[in-house]
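Working notes for the structure below.
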Amino acid sequence: MTGSEVTPSFRLAYVPGVTPTKWVRIWNERLPDVPLTLVQVSPAEAPDVLRAGGADAGFVRLPINRTDLSAIPLYTETTVVVIPKDHVVAAVDEVSPEDLADEIVFHPLDETLEWERRPGQPAAERPATTADAIELVAAGVGVLLVPQSLARLHHRKDLTYRPVTDAPESRVALSWPEDATTDLVEDFIGIVRGRTVNSSRGRTPTPAVKEKPQAKAKPAAQPKKKPASRPKAAKRGKPRRRS
């Protein structure tokens with residue numbers, strides 16, 4: 001390798017709650033010579049990190065401004081309410097926003113859900129992060145509504161969660177700068193979309209143009225020969241009578 005050559009690498013951003021382990025494993029199997037570096041960012045920071053080149057691609061939570069970012073929605077998460085295990089809500093399988101009308105519902109500054117009308121009663125102050133809100137829930141001060149993956153990420157033995165019906169849901173997408181759709185980005189798109197090793201590259205190969213076989217030249221038409229005329233048989237005259 002000459003001094004001017006640069007070893008290729010790939011930087012993948014991801015927001016809390018998204019677990020990229022499966023895709024990273026497939027990447028390492030298919031492209032062992034291209035190291036992949038994970039960069040964890042907050043949902044609010046993710047789009048700017050991609051625009052600034054801090055990562056080649058990233059898992060983000062929608063919606064984002066797609067003016068200069070491409071995005072492929074991957075899946076939608078159920079919204080749950082995180083509660084202490086001895087909370088009355090823990091006795092049911094699911095709740096509605098109306099069931100939380102009398103509860104203090106935390107609204108952390110890094111919240112990813114978009115509500116037209118937030119359920120419950122607002123807390124006196126907004127926690128800085130989801131992790132801080134979880135600590136307040138564990139202290140019995142209030143409850144927290146989050147995507148299910150975040151409830152799992154911040155799992156504690158003294159807390160549980162229940163699905164919330166008629167609540168906004170969080171969508172996770174793979175995003176990257178539109179003007180930087182590199183070959184490695186296409187490779188990762190193929191992995192996320194589940195393409196096999198033979199078709200993992202997002203690039204569509206240009207099909208080979210098959211040359212049409214040239215028609216064999218037909219031999220020049222030979223003039224038809226007339227069949228040889230048979231010699232006419234001599235006419236046999238009638239025998240003359242002798243006088």
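These numbers come from a predicted model, not from an experiment.
- Looking only at side-chain heavy atoms (C-beta outward), Val137 and Phe106 come within less than 4.5 Å of each other.
- Residues passing the salt bridge (Lys or Arg N to Asp or Glu O under 4.0 Å) test with Asp132: none are found, sequence neighbours excluded.
- Annotation: side chain of Leu100 is in contact with side chain of Val81 (closest heavy-atom distance under 4.5 Å).
- Side-chain contact between His107 and Glu125 is absent, with no heavy atoms from C-beta onward closer than 4.5 Å.
- Separating the CG atom in Leu150 from the OG1 atom in Thr112 is a distance of 5.5 Å, to the nearest 0.5 Å.
- No donor-acceptor contact under 3.5 angstrom links the side chains of Arg61 and Ser42, judged on distance only.
- In terms of heavy-atom proximity, Arg195 sits nearest to Ile189 at NH1-C, 4.1 Å.
- Taking Asn28 as the reference, Val24 meet the side chain to side chain contact (heavy atoms under 4.5 Å, CB included) condition, with sequence neighbours excluded.
- Residues that satisfy the salt bridge (Lys or Arg N to Asp or Glu O under 4.0 Å) test with Asp56, not counting sequence neighbours, are Arg11.
- Put simply, CZ on Arg126 and OG1 on Thr129 are 12.0 Å apart, with the number rounded to the nearest 0.5 Å.
- With sequence neighbours excluded, the residues satisfying salt bridge (Lys or Arg N to Asp or Glu O under 4.0 Å) with Glu29 are Arg25.
- Centroid-to-centroid, the aromatic rings of Trp23 and Tyr14 stay 6.0 Å apart or farther.
- Note on Leu174: it clusters hydrophobically with Val34, by side-chain heavy-atom contacts below 4.5 Å among ILVMFWY residues.
- If you chain together hydrophobic residues whose side chains sit under 4.5 Å apart, Val192 and Val60 never meet in one group.
- Across every non-hydrogen atom of Leu62 and Pro73, the tightest pair is CD1-CG, 4.1 Å.
- Not a single donor-acceptor pair under 3.5 Å links the side chain of Lys85 to the backbone N or O of Ala90.
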Quiz item: Can you check side-chain contact (heavy atoms from CB on, under 4.5 Å) on Asp99 and Val164, steps first, answer last?
Solution: CA-CA 9 Å; Asp99 295 329; Val164 181; over 6 Å; no
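- The pair Glu77-Arg171 fails the salt-bridge criterion, with no side-chain N (NZ, NE, NH1 or NH2) lying under 4.0 Å from an Asp/Glu carboxylate O.
- Residues passing the side chain to side chain donor-acceptor pair (under 3.5 Å) test with Asp102: none are found, sequence neighbours excluded.
- Under a hydrophobic clustering in which Ile, Leu, Val, Met, Phe, Trp and Tyr are joined whenever their side-chain heavy atoms come within less than 4.5 Å, directly or via other members, Leu159 and Tyr161 fall into the same cluster.
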Exercise. Show your reasoning for whether side-chain contact (heavy atoms from CB on, under 4.5 Å) applies to Gln148 and Glu169.
Key: CA-CA 10 Å; Gln148 186 169 328; Glu169 296 175 318; over 6 Å; no
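- When the side chain to side chain contact (heavy atoms under 4.5 Å, CB included) test is applied to Pro47, the partners found at least two apart in sequence or on another chain are Arg51, Ile64, Leu69.
- Ser9 OG to Leu31 CG: the interatomic distance, rounded to the nearest 0.5 Å, is 12.0 Å.
- Here the straight-line distance linking atom OG of Ser149 with atom OH of Tyr75 works out to 6.0 Å at 0.5 Å rounding.
- Between Asp158 and Ala138, the shortest heavy-atom distance links the atoms OD2-CB, 3.8 Å.
- Inter-residue side-chain proximity for Glu178 and Arg66 is flagged as unmet; no heavy-atom pair is nearer than 4.5 Å.
- Applying the side chain to side chain contact (heavy atoms under 4.5 Å, CB included) rule to Pro163 yields the partners Thr78, Glu94; only residues at least two apart in sequence or on another chain are considered.
- The structure places CG of Leu136 at 10.0 Å from CD1 of Ile104, a figure rounded to the nearest 0.5 Å.
- Looking at every heavy atom in both residues, Pro8 comes nearest to Pro35 through O-CD, 3.4 Å.
- Both Val95 and Leu113 are part of a single hydrophobic cluster, where members link through side-chain heavy atoms under 4.5 Å apart.
- Under 3.5 Å, the side chains of Asp166 and Ser96 contain no donor-acceptor pair of N or O atoms.
- Contact annotation: the side chain of Pro122 never approaches that of Val105 to less than 4.5 Å [non-hydrogen atoms, C-beta and beyond].
- In this structure, Thr79 has no side chain to side chain donor-acceptor pair (under 3.5 Å) partners at least two apart in sequence or on a different chain.
- Checked against salt bridge (Lys or Arg N to Asp or Glu O under 4.0 Å), Arg118 has the following partners two or more places apart in sequence or in another chain: Glu111.
- Clustering ILVMFWY residues whenever any of their side-chain heavy atoms sit less than 4.5 angstrom apart, transitively, puts Leu144 in a cluster other than the one holding Leu109.
- Note: Ile26 CD1 to Leu36 CG = 12.0 Å, rounded to the nearest 0.5 Å.
- The minimum heavy-atom distance between Thr130 and Val146, with the atom names listed, is CG2-CG1, 4.2 Å.
- Annotation for Leu50 and Pro177: closest pair O-CG, 3.2 Å, computed over non-hydrogen atoms.
- Arg193 has its side chain within reach of Ile72: a pair of non-hydrogen atoms, C-beta onward, lies under 4.5 Å apart.
- By the side chain to side chain donor-acceptor pair (under 3.5 Å) test, Thr160 is found to be paired with Arg162, residues two or more places apart in sequence or in another chain being considered.
- Listed by chain and residue number, Trp176 satisfy the side chain to side chain donor-acceptor pair (under 3.5 Å) test with Thr181 (two or more places apart in sequence, or in another chain).
- Remark: side-chain polar atoms of Ser175 are not paired, donor with acceptor, to backbone N or O of Gly58 under 3.5 angstrom.
- Here Phe10 pairs with Trp27, Phe188 under the ring pair (Phe, Tyr, Trp, His ring centres under 6.0 Å) rule; sequence neighbours left out.
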